[in-house]
Amino acid sequence: QVQIVESGGGLVQPGGSLRLSCAASRNIFEISTMGWYRQAPGKQRELVAAITNGGYTNYGDSVKGRFTISRDNAKNTVYLQMNSLKPEDTAVYYCIVELVVKGAYWGQGTQVTVST
């Protein structure tokens, strides 16, 4: 089992910024990839961004140039810096932790709302 603690969601105006954090209970040697997905009402869950233990990053097309994912291996934590937020970024954001050996684990989700 992997315990995942997410934080940083909330309400922000269009054009604003938020930073999400996701801490995992496993050490860096056990984790291969950490990332974020999101799901808006009535839509499928989609990739936002992911980062491997080697630092390779992958972003969803809709967030490229606005969001940045980073990873602190010493803290087993991944961060998602979200800038220039738009109303269509409104969703529940889920952290995912993939282990080297086996298994992928999801966080409980954190709500991000972009609205005036």
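This one's a predicted model, so the numbers in the text were calculated from it and none came from an experiment.
- Note that OG1 of T68 and CZ of R19 are 11.0 Å apart. Values are rounded to the nearest 0.5 Å.
- For the atom pair CG (L80) and CE (M34), the distance works out to 12.0 Å, reported to the nearest 0.5 Å.
- Heavy atoms from other residues, nucleotides or ligands lying under 6.0 Å from CD of Q111 number more than 12.
- Contacts classified as side chain to side chain donor-acceptor pair (under 3.5 Å) and involving residues 50-61 (residues at least two apart or in different chains) are given here: D61-K64.
- The line from OG1 of T77 to CD1 of I4 is 11.5 Å long, rounded to the nearest 0.5 Å.
- Atom-to-atom distance recorded for W36:CH2 and I69:CD1 is 8.5 Å, nearest 0.5 angstrom.
- For the atom pair OG1 (T113) and CG (L18), the distance works out to 9.5 Å, reported to the nearest 0.5 Å.
- Taking each heavy atom of A91 and Q39 in turn, the nearest pair found is CB-O, 3.5 Å.
- Contact of the R38 side chain with the V63 side chain is registered, since non-hydrogen atoms from C-beta on lie closer than 4.5 Å.
- More than 12 heavy atoms of other shown residues, nucleotides or ligands fall within 6.0 angstrom of atom CD in Q108.
- Ring-plane geometry between F67 and Y93 is classed as tilted, the angle between the planes lying from 30 to 60 degrees on a 0 to 90 degree scale.
- Residue S17 comes nearest to Q81 through the heavy atom pair CB-NE2, 3.9 Å, listed as atom of the first residue, atom of the second, then distance.
- Side-chain atoms of E6 come within 3.5 Å of backbone N or O of G109 as a donor-acceptor pair.
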Original post:
Given T110 and S7, is the side-chain contact (heavy atoms from CB on, under 4.5 Å) satisfied, shown in steps?
Top reply: CA-CA 7 Å; T110 184; S7 62; over 6 Å; no

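- Transitive grouping of hydrophobic side chains (ILVMFWY, heavy atoms separated by less than 4.5 Å) brings V48 and Y105 into a common cluster.
- Linking Ile, Leu, Val, Met, Phe, Trp and Tyr whenever their side-chain heavy atoms come within less than 4.5 Å puts W106 and L47 in one cluster.
- Taken from CD1 in I96 to SG in C22, the straight-line distance is 10.0 Å, to the nearest 0.5 Å.
- One N or O on the side chain of S32 and one on the backbone of E98 form a donor-acceptor pair closer than 3.5 Å.
- With hydrogens and angles disregarded, no donor-acceptor distance shorter than 3.5 Å links the side chain of R26 to the backbone of V2.
- Both I51 and V97 sit in one connected hydrophobic cluster of ILVMFWY residues. Membership requires side-chain heavy atoms under 4.5 Å apart, directly or through other members.
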**OP:** Would you please test V112 and M82 for side-chain contact (heavy atoms from CB on, under 4.5 Å) and show each step?
**Re:** CA-CA 10 Å; V112 171; M82 304 186 293; 4.0 Å; yes

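- Nearest heavy atom pair, residue A24 against residue I31, reads CB-CD1, 3.9 Å.
- Hydrophobic clustering (ILVMFWY, side-chain heavy atoms < 4.5 Å, transitive): Y79 and Y94 are in distinct clusters.
- Under the 4.5 Å side-chain criterion, counting only non-hydrogen atoms from C-beta, V78 is in contact with C95.
- The two residues T116 and P14 make their nearest non-hydrogen contact at CG2-CD, 3.7 Å.
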